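Here the structure comes first, spelled out in structure tokens, and everything after it is commentary.
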2 protein chains.
Amino acid sequence: MSVMTAITIKDVAAEAGVSIATVSNAFSGRKAVSPEVVRRVEEAARTLGYQKNIAASQLRTGRVKVVGVLVPSLADTFFAALVSDLEKLAEADGYQVLVATSGDDAAREAAQLDALLGWKPSGLIAVPCTNAIPDTLRREMVALPVVLVDRIGEEDLPVDTVVVDNHAAGREAAQHVLEKGHREILIAASVAGLRPIAERIRGITDACLAAGVAPRIVELGTDVEEGAARLGAFLAREGHPTAVIATTNVTTLATLTAFAQAGIDMPADVSLVGFDDYAWMTARRVPLSAVRQPISDIAQSAWSCLMTRIGGSADAAVRIVLDAPLQRRNSVGVSRRVLDTA
Amino acid sequence: MSVMTAITIKDVAAEAGVSIATVSNAFSGRKAVSPEVVRRVEEAARTLGYQKNIAASQLRTGRVKVVGVLVPSLADTFFAALVSDLEKLAEADGYQVLVATSGDDAAREAAQLDALLGWKPSGLIAVPCTNAIPDTLRREMVALPVVLVDRIGEEDLPVDTVVVDNHAAGREAAQHVLEKGHREILIAASVAGLRPIAERIRGITDACLAAGVAPRIVELGTDVEEGAARLGAFLAREGHPTAVIATTNVTTLATLTAFAQAGIDMPADVSLVGFDDYAWMTARRVPLSAVRQPISDIAQSAWSCLMTRIGGSADAAVRIVLDAPLQRRNSVGVSRRVLDTA
DNA sequence: ACTATCAGGTTAAACGTTTATATGAGTGTT
DNA sequence: AACACTCATATAAACGTTTAACCTGATAGT
């Protein structure tokens, strides 16, 4: 065992007694190679433990089966699940996924994007962290297949987008609590400026206004602890609503935490509609009613858009809008107002 | 806008009126370049939107700031959180992370490992999906810095490992429920054959046996729905224990789901100690007592081991064992047996 | 029997970097 | 004025792969 230099196609060629071109052809199958030689090459590769150097390969061909995926955070279950699904789809198509997280910070997002692009991936799926599309990305969009997901701040983007019908989702959630007689409704938003959140809020507000009710809004941020503290303070200061609608899974958790800390019983004291749908929401004495984002459909749609573009399609950009249906469970009770008058 | 070929260092050199070597030096700083030229190069790069081709760079140098991370699944919060932490640490050190998931399938694991290794990363952090180390990995371990985390089936591996003291964690959980007077204890295991799970079970069993109690075990697998169904069936068939100790976050969720479905009140009817510690565990009327795995410490340890190895250390392999302390909250009640005799 | 085709193989060039080596222009020193 | 020395820049080779172009027999068609 000498200097331990990596095994290249050259070593395999020597071991199999053929030229390197033949080895390459034997692997890729682009040119006919006799079965006997293929066997020798494969055997040589196996005994030597040969691994193709992807960098060299991609340098030569200019293409590589890699797609970049950029999300705000893997600590948020929604994005982790999304990436997980994308990864499975990618694997099925023989692609490798390069994951980067922006941490909801525009500067980091730009830096991560640069790093990602350095790999010259064949495509990119991104959940921007703000409404603004980073410059690097905007420039790249014309040349590189890009699919934007979830946080889309602008209309008429020149790339495919996959979003959820946030307005409808908000409306449905609001209608549900309104039907149960609630009139004092609080919206537990994460960051109201974010487009999807703004849409959800608008959906809720529209439905409420149609029923002559004015909902209130509190911003809880993107951290559970912090959000619980803020909501706790709000409740102590402003008094309890009869129903809360949370607009993200993080605010749902923050709300539940605040309820637990303040000894608020759900749904007896306050009702709640959560957002997103995870196992922990049903693993409770009172299973949560929640707006279910169709994560695997989102992943599926984004992936097939990307594959179509990588396949060379130059069709006009499509905008896929998916439904986020309300899962009615037991966390929304009939309002006391209704019960009393009954 | 002609044929849209990517911008290379050559274009930058032409634009700045210098040679490509100077451009390279201007970026890397390995050789002195006059400030004026550096400025011109940077400006040229900016106006052209130049992005270094990492593949070419890595081909030439043989090194690249990338580490592979292989975990069983990103859908499991534990691994998602681990990857998230590793990603942050990597970014701080200027490394990119290549994520792959094995889906708890040995064949997929081997395939993903091959794909990962094709990038010739400078290191690898892996959570093997079974007790057995894949051959590819075993062969690579001598040349490539590797850190194994969590699922370690063998002792005396030639690489650094980071694990949790699972035996102690199990013991502590068991002692807690024993102290509260419980004698009918059920272990909700995921897959008893997995080394960390086996250790946890052994820890629980040892503590129980010392108290003259024989715990029972039920295997629930790695899926929440499935696990809840299995536990439901077990409970219906065998009757209720007074306390359940879950050995993973998934089995914790499965147990809670089964409790909710069967209308079992916790802790009045049955007590529970969960595993791992997430926001949803405290966002409840009865916050869960659970064994808290120190995820960020695990990530931190694994990362610094890897960096040391990449730095060239040839010290003997270290084995880092971290504590997983029990978080005592309200899901373990005093057993009825004790209450009655009091 | 001569040519066209084809299968199976080789040679060499190219991809975009980095870097060892060469070059050349200043700047002191003698 | 000749020399050594430094500093900034240029030239060219190398990394491991793919692939166009070329070569050699063998087979088939006329």
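A, B, ... follow the sequence lines: proteins, then strands. Residue 1 opens every chain. Source: prediction; values computed, not measured.
Contacts with DNA chain C (heavy atom under 4.0 Å) in residues 9-26 of chain B: B:Ile9, B:Ile20, B:Ala21, B:Ser24, B:Asn25, listed by number. Residues from residues 32-46 of chain B with heavy atoms under 4.0 angstrom of DNA chain C: there are none. Contacts with DNA chain C (heavy atom under 4.0 Å) in residues 52-65 of chain B: B:Lys52, B:Asn53, B:Ala56, B:Ser57, B:Arg60, B:Thr61, B:Arg63, listed by number.
Ion pairing between A:Glu155 and A:Arg195 holds under the 4.0 Å rule for side-chain N and carboxylate O.
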Would you be so kind as to tabulate the donor-acceptor pairs closer than 3.5 Å made by side chains of residues 69-77 of chain B, with sequence neighbours excluded?
{"unit_1": "B:Ser73", "atom_1": "OG", "unit_2": "B:Ala75", "atom_2": "N", "d": "2.9"}
{"unit_1": "B:Ser73", "atom_1": "OG", "unit_2": "B:Asp76", "atom_2": "N", "d": "3.4"}
{"unit_1": "B:Asp76", "atom_1": "OD1", "unit_2": "B:Phe78", "atom_2": "N", "d": "2.9"}
{"unit_1": "B:Asp76", "atom_1": "OD1", "unit_2": "B:Asn249", "atom_2": "ND2", "d": "3.0"}

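Applying the salt bridge (Lys or Arg N to Asp or Glu O under 4.0 Å) rule to pairs touching residues 15-32 of chain B yields nothing, sequence neighbours excluded. For the side chain to side chain donor-acceptor pair (under 3.5 Å) condition, no pair includes a residue of residues 120-135 of chain A, sequence neighbours left out.
Among residues two or more places apart in sequence or in another chain, the salt bridge (charged side-chain N to carboxylate O under 4.0 Å, His left out) test is passed with B:Glu36 by B:Arg39, B:Arg40. For the salt bridge (charged side-chain N to carboxylate O under 4.0 Å, His left out) test, residues two or more places apart in sequence or in another chain that qualify with B:Arg138 are B:Glu154. Taking A:Thr22 as the reference, A:Ser19 meet the side chain to side chain donor-acceptor pair (under 3.5 Å) condition, with sequence neighbours excluded. Every residue meeting the side chain to side chain donor-acceptor pair (under 3.5 Å) condition with B:Asp104, not counting sequence neighbours, appears here in chain and number order: B:Arg151. In this structure B:Arg309 satisfies the salt bridge (charged side-chain N to carboxylate O under 4.0 Å, His left out) test together with B:Asp160, sequence neighbours excluded.
Summarising the geometry, the separation between CD1 on B:Ile7 and P on C:dG16 is reported as 12 Å, rounded to the nearest angstrom.
Under a 3.5 Å cut-off, the side chain of A:Arg108 and the backbone N or O of A:Thr101 do form a donor-acceptor pair. Between the side chain of B:Thr308 and the backbone N or O of B:Ser304, at least one donor-acceptor pair lies under 3.5 Å. Here the side chain of B:Ser57 pairs no donor or acceptor atom with the backbone of B:Asn53 at under 3.5 angstrom.
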Might you list the N or O atoms of the protein lying below 3.5 Å from N or O atoms in nucleotides 21-24 of chain D, with each pair's distance?
{"unit_1": "D:dA21", "atom_1": "N6", "unit_2": "A:Lys31", "atom_2": "NZ", "d": "3.3"}

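Using bins of under 30°, 30° to 60° and over 60° for the plane-to-plane angle, the ring pair B:Trp303/B:Tyr95 lands in the perpendicular bin.
Side-chain N/O atoms of A:Arg30 include none lying less than 4.0 angstrom from OP1 or OP2 on D:dT18.
Using a 4.0 Å heavy-atom criterion, one finds that A:Phe27 contacts no nucleic acid atom at all.
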